[in-house]
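Below: the structure, in structure tokens.
Below, each value reflects all heavy atoms present in this structure, side chains not excepted, and no hydrogens, waters or symmetry copies.
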Amino acid sequence: VQLQASGGGLVQTGGSLRLSCVGSGFTLDDYAIGWFRQAPGKEREAVSCFSESDYSTYYSESVKGRFTIFPDYMKNRVDLQMNNLKPEDTAVYYCAAIPTPHWCGVAAGPEEYHYWGSGTQVTVSS
């Protein structure tokens, strides 16, 4: 199982980015995908989650209404569309996989995820 996150970059406040998490060695039927972020000096926090097993999703309060997570089954990929970005969204973003069945209705801690992709840097300038 391998994950690769991409799509980060530098944007101005109010801008948008789409992150992608491409999986290999598994399908979205087997694992739910979570997005986490870690800013310098802070703990890794859960941002969003999608589970194919019950189509459940999770968004942290800080991103709810601005971020949308959605799958691309043809490409075995889960994207995170991030709109109206704020400087406080600046962080390294990681995607991770947790075995299904998994309910994304509440945030699972990073320790519960089995596989992690490399991070992608998101920087939002003020």
Using side-chain contact (heavy atoms from CB on, under 4.5 Å) as the criterion, list what pairs up with V11, not counting sequence neighbours. L17, L85, V124
Residues in side-chain contact (heavy atoms from CB on, under 4.5 Å) with S118, at least two apart? none
Applying side chain to side chain donor-acceptor pair (under 3.5 Å) to S53 and not counting sequence neighbours gives S51
Closest contact, heavy atoms only, D79 versus C21: OD1-N, 4.3 Å
Qualifying residues under ring-ring contact (aromatic ring centres under 6.0 Å, His included), relative to Y31, sequence neighbours excluded: F26, Y115
Applying the 4.5 Å side-chain criterion to the ILVMFWY set and letting contacts propagate, would Y94 and L80 be lumped into a single cluster? no
Should W35 and M82 count as side-chain neighbours, where that means a heavy-atom distance under 4.5 Å? no
Could you work out, with side-chain contact (heavy atoms from CB on, under 4.5 Å) as the rule, every residue matching Q121, not counting sequence neighbours? T90, V92, T123
Note: S126 and T13 closest approach over all heavy atoms is CA-OG1, 3.4 Å
Go through it in stages, so that I can follow the logic: the residues are T27 and N76, the test is side-chain contact (heavy atoms from CB on, under 4.5 Å), and I'd like the CA-CA distance, side-chain angles, deciding distance and then a yes or no. CA-CA 6 Å; T27 69; N76 205 43; 4.0 Å; yes
Pick from L28, D72, L3, I33: which one makes a side-chain contact (heavy atoms from CB on, under 4.5 Å) with R77? D72
Is there a path of hydrophobic side-chain contacts, each under 4.5 Å between heavy atoms of I/L/V/M/F/W/Y residues, joining V1 to Y73? yes
Acceptor/donor pairs from residues 95-103 side chains to any protein atom, 3.5 angstrom cut, sequence neighbours excluded:
| from | atom 1 | to | atom 2 | distance (Å) |
| --- | --- | --- | --- | --- |
| T100 | OG1 | D29 | O | 2.7 |
| T100 | OG1 | D30 | O | 3.0 |

Just jot down the ring-ring contact (aromatic ring centres under 6.0 Å, His included) partners of Y113, sequence neighbours excluded, or say none. F36
May I have the list of side-chain donor-acceptor pairs in residues 59-68 shorter than 3.5 Å, sequence neighbours left out?
| from | atom 1 | to | atom 2 | distance (Å) |
| --- | --- | --- | --- | --- |
| Y59 | OH | I69 | N | 2.8 |
| S60 | OG | S62 | OG | 3.1 |
| E61 | OE2 | K64 | NZ | 2.7 |
| S62 | OG | R37 | NH2 | 3.2 |
| R66 | NH1 | N84 | O | 2.9 |
| R66 | NH1 | D89 | OD2 | 2.7 |
| R66 | NH2 | S62 | O | 2.8 |
| R66 | NH2 | D89 | OD1 | 3.0 |
| R66 | NH2 | D89 | OD2 | 3.3 |

Identify, with sequence neighbours excluded, every residue that meets side chain to side chain donor-acceptor pair (under 3.5 Å) alongside Q2. none
Counterpart residues, side chain to side chain donor-acceptor pair (under 3.5 Å), relative to Q81 (two or more places apart): R18, N83
Residues pairing under disulfide bond (SG atoms under 2.5 Å apart) where one sits in residues 45-91, two or more places apart or in two chains, turn out to be C49-C104
Partners of Y58 by ring-ring contact (aromatic ring centres under 6.0 Å, His included), sequence neighbours excluded? none
Of all heavy-atom pairs between G8 and V122, which one has the smallest distance, and what is that distance? CA-CG2, 4.1 Å
Report yes or no: do Y55 and V106 belong to one cluster of Ile/Leu/Val/Met/Phe/Trp/Tyr joined by side chain heavy-atom distances under 4.5 Å? no
For atom CD of E88, is the number of surrounding heavy atoms from other residues, nucleotides or ligands below 6.0 Å larger than 12? yes
